[in-house]
Amino acid sequence: MTFVSVTPVANTTPRGQTLAEKLLSRSAGQTLYAGDVAICEPDAAMGTDGSIPMALDYFRDMQDDASLPAPAMPERLVFALDHYGATSGAKALALQERARSYALAHGVCVFDIGEGIGHQLMLERGRVLPGQLVVGADSHAVSYGALNAFGSGIGSSDFAGILQCGQLWLKVPGSIRIHLTGKLPSYGSAKDLALTMARRLGAGGANYLALEFDGPGVASLDMDDRIVLANMSVEMGAKAGLFPYDERTGAWLSGRADKPFEPVAADANAVYEQTLTFDLDEIVPQVALPHRVDNVVDIDAAGDTRIDMVYLGTCTGGRTKDYREALSVLREGGGVAPGVRLVVTPASDSIQAEMQQNGMLDEFRALGAELQPPGCGTCCGTCGSIPTDGMRVLSTANRNFKGRMGNRQAQIFLASPRACATAAVTGHLVDPRKGTQ
C-alpha cells in the first residue's frame, strides 16, 4: 500500500466582518473581531443631567489636585439636560445647573431643558453620522445605530474617562443577524416588531451582542422605524442595534449632515452567533404586560384590561409619525374617553414646532390630550405627569419595570402609538384592528 503525503493548502480568504466589527475596527484603527478589545476615540459622546454630575465627580477624583479641569476634545461632547424639569425639585435643578455651568465654561455643546431628548437631538442635529462611533451615558444611545453608526450606552465612569483622555475601551461584541423579509401591514408598527423580538429573544437574549438588521425587509422601514428598533435593542441586552446604510439613510441625512461621512457594510462572509428571521407581513399588534419588556402577548389575547393613563412620547415613540398615527385613531374615536388621562410629550422642539405648524397640537388639545414640553418627561419618573397608585398606564416607551414612571404602585404596559390611542379612546386595552367603537 502506497501512502501519499498531501500538504494542506492554507485558507487565504480573510474572515469577513460584521457591522459591529467593522465600525469598531475603524474607530480603533486596526482589524478587530468579536472578543477583541477596542481602544477608541469616539466621534461624539453625549451625557445627560442624570449621568453628567456623577461623571464630573469621577473626573475630579482622577486629578492629583482634586481640580475639575477642561475636558479632552470638548468639541466632541454634548450635555443633554432632558431628564429633569420644573417638577423635579431644587436638588435636580441644581444638578442641571452644575452640568450647564461646566459645559459653558469649556465650550461643550448643551441641549438645554425644553429642547428635547438628547438621543433625538443627536440624530436630528447631525451629531451622528454613518461609520462613526457615538456613545452616550444613557443606555438608549443604541438609537444611533439606525444611522449605520456604532451607538452604545456607557456608564458615568466611562464618560469621565472620555473627559480625561478622549478615549474609551470596548470589547467587540459578537452579533446576531436579524433578517427581515416582507413589509409591515397597515396595522403593524416597528414597536410591534420590537416587542415581537423581545418576546422571542427575552430581556437578556442578546446580552453584550450586537443586533444587526439586514434582509429585503429593511428597505421598507423608514428612519423612524429604524430608530425604534435600534433603540429597543438594549431591552434585549444588546450592546448595539445596527442598520445598513441605504438610500433612506442618505435622504434622511440630507440637510442634517454638515461634513463627509463613510458608511460601512458587513462582509458577505461575516460570522454571526445566530440568525433570526422575521417576516414583517406576519407582525400583529403586541403589548408588553407589567413588569417586564419581554412579558409580551398579542394584544387581542391580553383580556379586557382597564387603562387609566396613556403616554405618547419618549425616544421610542415621540416622533411626528407616532403622533400622526395616534391622532388618526383619536379622530375616528371622537377623543379621549372619560376617566382616561392622555399625555403627549414630543421628543424634540423641532417635532413640537412641526406639530404646531400643521395643527396637530391644537387637535390633540381639542380631543382631550395634555401637552408637555419636549424631553424625557414621565418616561423615567423624574419629571412630568407621574401616575398615581394603582394606575394602569399604556405607553409608547421602552421600559415597564416597577417604578419606571416614578411610582412603584402603578402598572405600565407598552404598545404602539395606534394601540395607545385606541386605549385612550376606549379606556381599555384593545386590538387597534378592532377599531374604537
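At least one side-chain heavy atom of L201 sits under 4.5 Å from a side-chain heavy atom of I176. For the pair D43 and L129, the minimum side-chain heavy-atom distance is 4.5 Å or more. Side-chain contact between V287 and L429 is present, with at least one heavy-atom pair separated by less than 4.5 Å. Residues P263 and D246 form no side-chain contact, since every pair of their non-hydrogen atoms from C-beta on lies 4.5 Å or further apart. Residues I307 and F413 form a side-chain contact, since some pair of their non-hydrogen atoms from C-beta on lies under 4.5 Å apart. Within the 4.5 Å cutoff, side-chain heavy atoms of L367 are placed close to those of L327. Side-chain atoms of V293 and M232, non-hydrogen and from C-beta on, do get closer than 4.5 Å to each other. Counting heavy atoms from C-beta on, the side chains of Y311 and I412 never come closer than 4.5 Å.
The list of side chain to side chain donor-acceptor pair (under 3.5 Å) pairs with a residue in residues 133-142, not counting sequence neighbours, reads H83-D138, H119-D138, S139-R399, H140-E235, H140-N398. Listed by first and then second residue, the salt bridge (Lys or Arg N to Asp or Glu O under 4.0 Å) pairs involving residues 183-212 are R199-D298 (not counting sequence neighbours).
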TODO: Kindly indicate, with the supporting measurements, whether the criterion side-chain contact (heavy atoms from CB on, under 4.5 Å) is fulfilled by L229 and L221.
DONE: CA-CA 10 Å; L229 293 166; L221 300 174; 3.8 Å; yes
Task: Derivation of the side-chain contact (heavy atoms from CB on, under 4.5 Å) call for Q132 and F261 - done: CA-CA 8 Å; Q132 292 185 337; F261 55 82; over 6 Å; no
- [ ] Go through S101 and E97 one step at a time and tell me if the side-chain hydrogen bond (donor to acceptor under 3.5 Å, both in side chains) criterion holds.
- [x] CA-CA 6 Å; S101 297; E97 183 54 34; 2.9 Å; yes
TODO: Give the intermediate values and the outcome of side-chain contact (heavy atoms from CB on, under 4.5 Å) for residues T48 and L81.
DONE: CA-CA 6 Å; T48 75; L81 311 184; over 6 Å; no
Task: S350 and E124: CA distance, side-chain angles, deciding distance, side-chain hydrogen bond (donor to acceptor under 3.5 Å, both in side chains) verdict - done: CA-CA 9 Å; S350 64; E124 282 183 7; 2.7 Å; yes
Open item on the list: Between I162 and V135, does the side-chain contact (heavy atoms from CB on, under 4.5 Å) criterion hold? Intermediate values first, please.
Closed with: CA-CA 10 Å; I162 293 172; V135 296; 3.9 Å; yes
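In this structure, R248 places its CZ atom where more than 12 heavy-atom neighbours from other residues, nucleotides or ligands lie under 6.0 Å away. Atom CD of E75 is surrounded by more than 12 heavy atoms from other residues, nucleotides or ligands within 6.0 Å. Shown here is K402, whose NZ atom has more than 12 heavy atoms of other residues, nucleotides or ligands within 6.0 Å. More than 12 heavy atoms of other shown residues, nucleotides or ligands fall within 6.0 angstrom of atom CE in M223.
Of the inter-residue distances, the one linking L289 atom CG with I299 atom CD1 reads 9.5 Å to the nearest 0.5 angstrom. Residue T181 holds its OG1 atom at 10.5 Å from CZ of F278, rounded to the nearest 0.5 Å. The OG atom of S51 lies 11.5 Å from the OH atom of Y58; values are rounded to the nearest 0.5 Å. Expressed to the nearest 0.5 Å, how far OG of S152 lies from CG of L24 amounts to 8.5 Å. Atoms CG and OG1, from L312 and T378 in turn, are 11.0 Å apart once rounded to the nearest 0.5 Å. Distance check, rounded to the nearest 0.5 Å: OG1 of T18 to CG of L23 gives 8.5 Å.
At distances below 3.5 Å, not a single donor-acceptor pair connects side-chain atoms of R100 with backbone N or O atoms of D112. Between the side chain of N295 and the backbone N or O of R292, no donor-acceptor pair lies under 3.5 Å. The backbone N or O of I117 sits nowhere less than 3.5 Å from a side-chain atom of D82 that would complete a donor-acceptor pair. In this structure a side-chain-to-backbone donor-acceptor pair under 3.5 Å is missing from N231 to I227. A donor-acceptor pair is defined here as one N or O able to donate and one able to accept, closer than 3.5 Å; no such pair exists between the side chain of D349 and the backbone of G116. Side chain of Q286 to backbone of V284: a donor-acceptor contact under 3.5 angstrom is found. A donor-acceptor pair under 3.5 Å is absent between the side-chain atoms of D49 and the main chain of Q96, judged by distance alone. Between the R256 side chain and the W252 main chain, a donor and an acceptor come within less than 3.5 Å of each other.
With 3.5 Å as the limit, one finds no donor-acceptor pair spanning the side chains of S348 and Q120. Residues S25 and Q17 have side chains that bring a donor and an acceptor to within less than 3.5 angstrom of each other. Side-chain N/O atoms of S385 and Q372 include a donor and acceptor closer than 3.5 Å.
Of the charged side-chain nitrogens involved, none lies within less than 4.0 Å of a carboxylate oxygen, so that D308 and R341 do not count as a salt-bridged pair. Ionic pairing of E370 and R365 is not present here: no N-O contact between side-chain nitrogen and carboxylate oxygen is shorter than 4.0 angstrom. Electrostatic pairing of D258 and R125 does not count as a salt bridge here, judged by no charged N lying under 4.0 Å from a carboxylate O. Here R331 pairs with E363 in a salt bridge; the nearest charged N to carboxylate O distance falls below 4.0 Å.
Classified by interplanar angle (parallel below 30°, tilted 30° to 60°, perpendicular above 60°), the ring pair Y323/F364 is perpendicular.
When all heavy atoms are compared, the tightest approach of I351 to G318 is CD1-O, 3.6 Å.
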